[in-house]
2 protein chains.
Amino acid sequence: MARRNDHSHEEIRDMALAAAEQIIVEQGSDGLTARKVASEIGYTVGTLYLVFANLDDLIMHINARTLDRLHQLMTDGETPNRIEKDRLIQLGQIYIHFAHSDPHRWALIFEHRPSDDRPTPDWYIEKAMRVFAVVEETLQPLAPRRTKSELSQAACALWAGIHGICILGITQKLGDVGEDSVQELAKSLMVNYLSGFSNNQA
Amino acid sequence: MARRNDHSHEEIRDMALAAAEQIIVEQGSDGLTARKVASEIGYTVGTLYLVFANLDDLIMHINARTLDRLHQLMTDGETPNRIEKDRLIQLGQIYIHFAHSDPHRWALIFEHRPSDDRPTPDWYIEKAMRVFAVVEETLQPLAPRRTKSELSQAACALWAGIHGICILGITQKLGDVGEDSVQELAKSLMVNYLSGFSNNQA
DNA sequence: CTTAAATTGTGAACAATGTTCAATTACACT
DNA sequence: AGTGTAATTGAACATTGTTCACAATTTAAG
């Protein structure tokens with residue numbers, strides 16, 4: 001059976017992504033195989049390779065979706081009137097909760113290393129930057145006298161810091177801790193960092 | 001040819017670890033295969049499985065060695081007379097330099113996720129804790145009035161933070177930055193965090 | 001020194017993986 | 001109906017981790 005025309009390539013692409021995501025959520029990245037995804041959508045491996053260059057390509061697209069959902073959560077219900085410090089801390093909470101509620105999809109973003117020959121595509125970098133920009137914008141009002149580059153650096157340090165806590169927390173590298181403890185750690189990091197960052201500005 | 005008795009199992013174990021580490025250093029974890037390690041030491045796959053339970057087991061032992069080397073670097077040339085704040089910042093520098101100078105072996109520690117059925121062995125956790133303890137001990141004199149649990153939490157937050165910066169720096173997730181930039185970010189994190197942590201104590 | 005037993009290493013075999021591509025099938029148009 | 005085109009297939013290939021019946025060699029016994 002060929003040329004079934006049941007679905008356009010665009011449709012197959014979306015079906016494959018949805019099926020792949022379900023596998024990831026349920027079984028983690030180890031459970032993801034080309035054959036499984038294909039059979040799940042009623043096609044065969046060959047078809048998958050008509051739509052994606054390879055599994056890495058498919059994973060990149062899953063990750064893009066994950067970044068979109070994270071960005072959505074971080075900008076959802078934005079309350080600009082709120083005290084900015086709380087808003088930043090809230091961002092950290094959102095990130096950590098996101099990672100804990102969907103650990104497999106979250107982990108997939110960082111398990112994937114860009115191979116040397118195929119560098120990370122621009123459209124992907126752009127999505128990652130979009131998430132990061134939210135942090136930067138939220139930080140800005142907290143230290144108005146800092147230069148743009150100082151702000152960028154601080155946002156970077158803070159966000160990477162939260163991320164590190166998240167990683168060590170979820171992968172249990174520092175003992176058996178729940179989401180609550182991770183939230184505590186992150187809050188401690190943000191509050192103390194901000195205290196130094198805001199007070200010591202020129 | 002069996003029972004060659006050229007080497008004891010202990011010796012084979014060490015040779016295999018050395019060969020595997022060389023492969024990791026040169027090619028990264030993707031290049032590591034059972035057959036490669038075996039042929040490198042002049043034995044066959046079967047023999048490898050007499051000495052290690054499986055590849056995960058072998059990797060755990062490599063990671064243990066890596067942790068030992070890191071611990072060595074962190075406690076080497078200890079100068080207790082030095083200002084403690086500088087000492088802590090120095091620890092961060094050591095960690096970041098370690099990661100950059102040996103990215104493949106460093107990454108291997110975090111790529112490896114403990115499988116559900118075989119939890120991380122105690123001897124491994126102990127080695128990880130040993131590294132972490134150095135941070136805790138160095139932090140203690142900086143905030144004498146804090147409780148033990150507060151100190152532990154702060155050390156955790158700080159260390160995880162440094163680690164996060166390291167990850168995003170090395171994997172280039174936040175653009176193309178060199179070791180110097182990563183060092184800057186880490187220093188920013190530590191200085192500002194410490195400022196808040198030391199000043200605001202009861 | 002010969003022979004039997006114990007032990008140590010082998011490598012063929014298996015199931016699974018990502019990936020490719022000649023062959024096959026179904027559709028659209030004349 | 002017939003013909004060409006394009007979509008889909010799935011068998012095939014190279015690798016992977018892992019196992020285990022067997023073979024080779026050392027050791028012990030007679």
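Everything numeric in this text was worked out from a predicted model, so none of it was measured. Labels below follow one simple rule: chain letters A, B, ... track the order of the sequence lines, proteins then strands, and each chain is numbered from 1.
- In this structure, the CE atom of B:Met15 is 13 Å from the C1' atom of C:dG9, given to the nearest Å.
- Under the 3.5 Å distance criterion, with hydrogens and angles disregarded, a donor-acceptor pair is assigned to the side chains of B:Glu26 and B:Gln22.
- A straight line from CG of A:Asp30 to C1' of C:dG18 spans 15 Å, rounded to a whole angstrom.
- Regarding B:Ile12, its CD1 atom lies at a distance of 17 Å from the P atom of C:dT7, rounded to whole Å.
- Helix-axis bend for the helix from C:dC1-D:dG30 to C:dT30-D:dA1: the local axis fitted to the five terminal pairs at one end deviates from that at the other end by 30°, rounded to 10°.
- The side chain of A:Arg4 lies closest to D:dT9 when the candidates are C:dG18, D:dT18, D:dT9.
- In this structure, B:Leu32 reaches the sugar-phosphate backbone alone: every heavy-atom distance under 4.0 Å involves primed, P, OP1 or OP2 atoms, never a base.
- Using a 3.5 Å distance cut-off with no hydrogens or angles, the side chains of A:Gln140 and A:Lys148 do not pair a donor with an acceptor.
- The CG atom of B:Asn5 sits 9 Å away from the C1' atom of C:dT7 (whole-angstrom rounding).
- Looking at B:His61 and B:Tyr124, their side chains never bring a donor and an acceptor atom within 3.5 Å of each other.
- Under the side-chain hydrogen bond (donor to acceptor under 3.5 Å, both in side chains) criterion, B:Gln90 pairs with B:Arg87, not counting sequence neighbours.
- For B:Arg105 and B:Phe98, the positive end is not near the middle of the six-membered ring at less than 6.0 Å and at most 45° from its axis.
- Within residues 35-52 of chain A, the residues approaching DNA chain D are A:Arg35, A:Tyr43, A:Thr44, A:Gly46, A:Thr47, A:Leu50, by heavy-atom distance under 4.0 Å.
- In this structure, A:His9 reaches the D:dT8 phosphate: one of its side-chain N or O atoms is under 4.0 Å from OP1 or OP2.
- In this structure, B:Asp57 places its CG atom 10 Å from P of D:dT18, rounding to the nearest Å.
- Rounded to an integer number of Å, the gap from CD1 of B:Ile23 to P of D:dG17 is 10 Å.
- D:dA7 atom P lies 14 Å from atom CG of A:Asp6, rounded to whole Å.
- Atom pair A:Asn54:CG and C:dT17:P shows a separation of 17 Å (rounding to whole Å applied).
- Within a 6.0 Å radius of CG in B:Asp122, other residues, nucleotides and ligands contribute 12 heavy atoms or fewer.
- Between A:His163 and A:Phe110, the angle of the ring planes lies from 30° to 60°, which puts this pair in the tilted group.
- No donor-acceptor contact under 3.5 angstrom links the side chains of B:Gln153 and A:Ser188, judged on distance only.
- Taking the centre and axis of the six-membered ring of A:Phe197, the NZ or CZ atom of A:Arg146 falls inside the cone set by 45° and 6.0 Å.
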